[in-house]
Amino acid sequence: MAFGTQDDTDEVMNEINMTPLVDVMLVLLIIFIITVPVMKHSVNIDLPRATNEQQLIKPETVRLSVDAEGSYFLNEAKIADEDLAPRLRAAAAQNPQPDLHIRGDKAVRYERVAQAMAAAQQAGLRKIGFITEPKN
């Protein structure tokens with residue numbers, strides 16, 4: 001079945017009539033222009049004003065050092081093993097919570113550093129880091 005006029009039956013019509021398509025698009029555009037304001041439902045309220053400035057409070061850093069003999073130093077002050085957990089719990093209770101930086105001597109037994117890490121975890125400290133010296 002070929003499309004065409006009755007005068008010329010041998011040629012096939014190869015163009016699409018764009019007029020109905022443009023008419024449909026214009027009708028849809030008018031419908032959307034009319035219905036969009038109706039679809040907008042809002043309640044007028046006064047929202048509170050707030051600033052989004054970043055807080056400049058930086059948490060302090062607690063430094064825990066373990067020397068070659070396995071002694072603990074909290075902020076460069078020597079402390080006994082039994083005093084470590086209460087001091088770490090006190091640091092964990094601060095707001096904002098401080099970061100714990102652990103510095104272990106390379107000659108210390110790993111067990112002493114692991115005990116310090118376990119005490120920090122039980123105290124509730126969430127940010128624990130290790131301090132090392134860069135290789136020259």
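Judged by distance alone, the side chain of Gln97 and the main-chain N or O of Lys127 form no donor-acceptor pair under 3.5 Å. A donor-acceptor contact shorter than 3.5 Å is absent between the side chain of Ser71 and the backbone of Asp67.
In this structure, Val62 and Ala91 approach most closely via the heavy-atom pair CG2-CB, 4.2 Å. Between Ile128 and Leu125, the shortest heavy-atom distance links the atoms CD1-O, 4.3 Å. Minimum interatomic distance between Leu100 and Ala120 (heavy atoms only, all atoms of both residues): CD2-CB, 3.4 Å. Residues Ala119 and Leu84 share a closest heavy-atom pair of CB-CD2, 4.2 Å. Of all the heavy atoms in Ala92 and Ala123, the pair that sits closest is CB-O, 3.3 Å.
Within 6.0 Å of CG in Leu26 there are more than 12 heavy atoms belonging to other residues, nucleotides or ligands. Atom CD of Glu133 has 12 or fewer heavy atoms from other residues, nucleotides or ligands within 6.0 Å. Under a cut-off of 6.0 angstrom, the local environment of CZ in Arg63 is crowded, with over 12 non-hydrogen atoms contributed by other residues, nucleotides or ligands. Atom CD of Gln121 sits in a sparse spot, with 12 or fewer heavy atoms from other residues, nucleotides or ligands closer than 6.0 Å.
Put simply, the side chain of Gln115 reaches to within 4.5 Å of the side chain of Glu111, judged on heavy atoms. In this structure the side chain of Ile79 never reaches within 4.5 angstrom of the side chain of Phe73, judged on heavy atoms.
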Passes side chain to side chain contact (heavy atoms under 4.5 Å, CB included), Met25 versus Leu29? Steps please.
CA-CA 6 Å; Met25 295 305 291; Leu29 180 65; over 6 Å; no
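Between Arg112 and Asp81 a salt bridge is recorded (basic side-chain N to carboxylate O distance below 4.0 Å).
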